[in-house]
Structure formats: C-alpha cells, structure tokens
There are 2 protein chains.
Amino acid sequence: MRKAYTPETAAADVEKTLHVLGGRWKLIILFHLFGGKQQRYSELERLIPGISPKMLAQQLRQLEGDGLVARKLYPQVPPKVEYRLTDWGQALCPALDAVLQWAEQKPEAGAPCEEAGS
Amino acid sequence: MRKAYTPETAAADVEKTLHVLGGRWKLIILFHLFGGKQQRYSELERLIPGISPKMLAQQLRQLEGDGLVARKLYPQVPPKVEYRLTDWGQALCPALDAVLQWAEQKPEAGAPCEEAGS
DNA sequence: CGGTATCCCCTACGATACTG
DNA sequence: CAGTATCGTAGGGGATACCG
C-alpha cells in the first residue's frame with residue numbers, strides 16, 4: 001500500500017527527490033550511465049565538455065551519497081575508478097521517461113485549448 | 001513516435017522540465033492545485049505558511065508563464081484572483097507519481113542488496 | 001485584496017592550482 | 001589517473017515596506 005499524502009508531505013517528498021537530481025551536472029552524468037554503462041572518471045570528464053574536475057567529483061560524491069551511483073576503486077597504480085548506477089539509480093529511468101513524456105505533451109503557445117474554455 | 005535521445009539531449013530536456021518545477025515553493029503550490037482545486041491568492045498564502053507575498057507572486061507568475069497554471073482575474077473591487085491548473089499542469093500528476101514511486105523504492109542504507117552483489 | 005519594490009544574504013557554481 | 005583546496009562570482013531566495 002502506498003503512503004498517504006497531503007499536499008505538504010507529497011510536495012516535500014518530491015522536493016527531496018528532485019533535490020537529489022538538482023545539481024547542474026547530475027542528469028548529464030546519470031544519462032551517461034543509464035543502461036548499465038560503466039565509466040571511468042576521466043571518461044566522464046571527456047564525455048561531458050565544460051565540466052571542471054571539482055564539479056565532476058562533487059556531483060559524483062553526492063550521487064554516491066544519495067545511493068544512485070556506485071564507485072568502484074581498483075587499487076592499483078595508476079589509480080582506476082569506475083562509476084556505475086545502483087539498481088535504484090537505474091530504476092530512475094522510467095520516472096524520468098514519464099517526465100519527458102509529460103514535457104512532450106505541452107501544447108503550443110498558440111493552441112486554442114486553454115483560451116477557448118474560459 | 002518518440003523523439004530520439006542522446007545522453008545530452010535527454011539530460012537537457014529533463015533539466016529544462018525540472019527547472020520549471022525548480023522553485024522553492026512551486027511544488028507546494030502545485031500540490032495545492034491538483035485535482036481541479038481553484039485557490040485565491042490569499043488562500044494560497046494561508047495554506048502555505050512561511051511564504052512571502054513576493055515569492056508567492058513570483059512563483060505563480062513563473063508557473064503561469066510556463067503554462068502550468070492559469071490565472072483568472074475577476075474585475076471587481078476589492079479584486080479577486082483565482083488560480084487553477086491548466087490541463088497540461090494537471091497532467092503533471094502521473095509523472096510526479098512516478099517520481100514518488102521511485103523514491104519509495106529506495107533501499108534502506110543497511111540493506112544487503114547492493115553490498116552483496118559486488 | 002493582491003500584489004511590487006528594495007535590500008541583503010547564502011549557496012551553488014566556476015576557474016585555477018595543486019597532490020597522492 | 002583521479003581527484004582536493006582555494007578563491008571569486010551570480011542569482012535565487014528571504015524580510016520588509018509600500019501601492020492600485
């Protein structure tokens with residue numbers, strides 16, 4: 001059974017969730033990891049033009065801390081680190097798809113739907 | 001047929017969409033309008049403790065500009081304004097529900113799922 | 001009643017230099 | 001290779017006062 005939501009609790013829960021995705025680069029990182037892809041730190045840096053090492057590391061740490069991304073360190077020299085999605089992180093995909101589908105439904109600015117009704 | 005997405009375009013589209021919901025109070029406002037509810041400005045102010053008139057007006061303007069909320073002005077004195085969701089705004093509900101369902105799936109911190117696998 | 005206008009602050013973000 | 005440390009900035013948000 002689902003939780004019972006009031007406007008406040010529902011909003012707070014969604015807000016907390018969106019905060020997890022709220023970083024400037026997090027979605028880009030996630031989309032580079034969807035589908036079971038594993039990427040090294042330097043690979044992500046290359047795939048995401050414009051990101052600074054500080055931001056990449058920070059966003060990855062936060063995603064890791066929030067349980068979306070798993071970090072695998074190979075104890076060798078030179079160091080090697082791979083990032084992948086956790087099961088839960090991968091499970092984000094359908095939810096984001098729902099968001100995208102909603103965005104695609106947006107009526108054009110000049111569409112007669114909303115204006116006609118009033 | 002759905003659009004074709006690369007990691008960049010998908011991330012950018014989701015980002016744009018989440019930006020629409022990104023204000024500090026927007027989700028709270030939306031959840032107070034879901035289900036066809038109409039609310040006056042002062043009613044929203046009362047329903048949302050802590051919000052300042054500036055923020056309420058600003059967030060409503062942005063939601064209106066993004067096409068989620070419709071503003072209905074009754075030209076009378078004293079003035080009366082009612083806010084409701086557009087059809088598209090109401091259609092957000094299932095997408096947010098998908099997000100909430102995903103959030104509810106989050107495994108507990110100590111759960112053995114992720115640790116055991118590696 | 002239903003808002004603006006103004007001022008201040010804080011945090012996310014960016015650039016750059018450096019390190020185990 | 002895979003990161004930290006440090007400094008600087010922009011704008012989103014909060015408190016308050018005022019207006020048609």
Side-chain angles (χ1 to χ4, degrees), chain A residues 8 11-12 14-30 32-33 37-66 68-85 118, chain B residues 8 11-12 14-30 32-33 37-66 68-84:
Chain A
E8 288 78 12
V14 176
E15 207 160 345
K16 251 176 281 179
T17 305
L18 295 192
H19 185 78
V20 164
L21 312 174
R24 170 78 184 75
W25 303 97
K26 287 185 186 172
L27 286 166
I28 301 175
I29 294 172
L30 289 174
H32 278 291
L33 294 175
K37 282 176 281 192
Q38 301 205 7
Q39 307 280 10
R40 299 181 60 164
Y41 179 92
S42 53
E43 194 65 10
L44 287 170
E45 208 166 12
R46 201 181 53 75
L47 288 168
I48 306 174
I51 197 170
S52 71
K54 168 190 160 182
M55 288 312 296
L56 179 53
Q58 179 190 107
Q59 307 274 291
L60 284 169
R61 293 277 171 280
Q62 293 178 6
L63 289 170
E64 193 192 354
D66 287 324
L68 282 90
V69 161
R71 180 177 184 270
K72 188 185 268 181
L73 167 68
Y74 295 81
Q76 64 187 38
V77 47
K80 175 179 171 181
V81 177
E82 274 185 345
Y83 293 92
R84 60 173 178 84
L85 292 177
S118 84
Chain B
E8 288 77 15
V14 176
E15 207 160 346
K16 250 174 282 177
T17 306
L18 296 191
H19 186 76
V20 164
L21 312 175
R24 169 76 183 77
W25 303 96
K26 287 186 187 171
L27 286 166
I28 301 176
I29 294 172
L30 290 174
H32 278 290
L33 295 176
K37 283 175 282 194
Q38 301 204 6
Q39 307 281 10
R40 299 181 59 164
Y41 179 91
S42 53
E43 193 67 9
L44 287 170
E45 208 167 10
R46 202 181 52 76
L47 288 168
I48 306 175
I51 197 170
S52 70
K54 168 189 159 183
M55 288 313 295
L56 180 53
Q58 180 191 104
Q59 307 274 290
L60 283 169
R61 294 276 171 282
Q62 291 177 8
L63 288 170
E64 193 192 352
D66 287 324
L68 282 91
V69 161
R71 181 177 183 270
K72 186 186 271 181
L73 167 67
Y74 296 81
Q76 63 185 40
V77 46
K80 176 177 170 183
V81 178
E82 275 185 346
Y83 293 93
R84 60 174 177 84

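Convention: sequence-line order gives letters A, B, ...; per-chain numbering from 1.
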Kindly indicate, with the supporting measurements, whether the criterion side chain to side chain contact (heavy atoms under 4.5 Å, CB included) is fulfilled by Leu44(A) and Leu60(A).
CA-CA 10 Å; Leu44(A) 287 170; Leu60(A) 284 169; 4.1 Å; yes
Whole angstroms only, please: what is the [atom1]-[atom2] distance between [X] and [N]?
X	N	atom1	atom2	result
Gln76(A)	dG3(D)	CD	P	13 Å
Glu43(A)	dA2(D)	CD	C1'	14 Å
Lys80(A)	dG3(D)	NZ	C1'	17 Å
Leu60(B)	dC1(C)	CG	C1'	14 Å
Glu45(A)	dG3(D)	CD	P	10 Å
Ile29(A)	dA2(D)	CD1	C1'	14 Å
Arg71(A)	dA2(D)	CZ	C1'	8 Å
Gln39(B)	dG2(C)	CD	P	12 Å

So, for Glu45(B) and Leu56(B), which heavy atoms are closest and what is the spacing to 0.1 Å?
N-CD2, 3.8 Å
Closest approach of Val20(A) to Leu63(A) (non-hydrogen atoms, all atoms of both residues)
O-CD2, 4.1 Å
Please list, chain by chain and in numerical order, all residues satisfying side chain to side chain contact (heavy atoms under 4.5 Å, CB included) with [X], sequence neighbours excluded.
X	result
Gln59(B)	Trp25(B), Lys26(B), Ile29(B), Met55(B), Gln62(B)
Arg71(B)	Arg61(B), Glu64(B), Leu73(B), Val81(B), Tyr83(B)
Glu82(B)	Gln38(B), Arg40(B), Tyr74(B), Lys80(B)
Glu15(A)	Arg24(B), Leu27(B), Ile28(B)

Start with the C-alpha gap between Leu30(A) and Leu21(A), add the side-chain angles, then the distance that decides, and say whether side chain to side chain contact (heavy atoms under 4.5 Å, CB included) holds.
CA-CA 9 Å; Leu30(A) 289 174; Leu21(A) 312 174; 3.9 Å; yes
Tell me whether the OP1 or OP2 atom of dG3(C) has a side-chain N or O from Arg40(B) closer than 4.0 Å.
no
According to side-chain hydrogen bond (donor to acceptor under 3.5 Å, both in side chains), who are the partners of Glu43(A), at least two apart in sequence or on a separate chain?
Arg46(A)
Rounded to 10 degrees, the angle between the two terminal axes of the helix from dC1(C)-dG20(D) to dG20(C)-dC1(D), each from five pairs:
50°
Under 4.0 Å protein heavy-atom contact, by nucleotide of nucleotides 4-20 of chain D - B base, S sugar-phosphate only:
BBB------BBB----B
What's Tyr74(A) touching, base or sugar-phosphate or nothing? Going by heavy atoms closer than 4.0 Å.
nothing
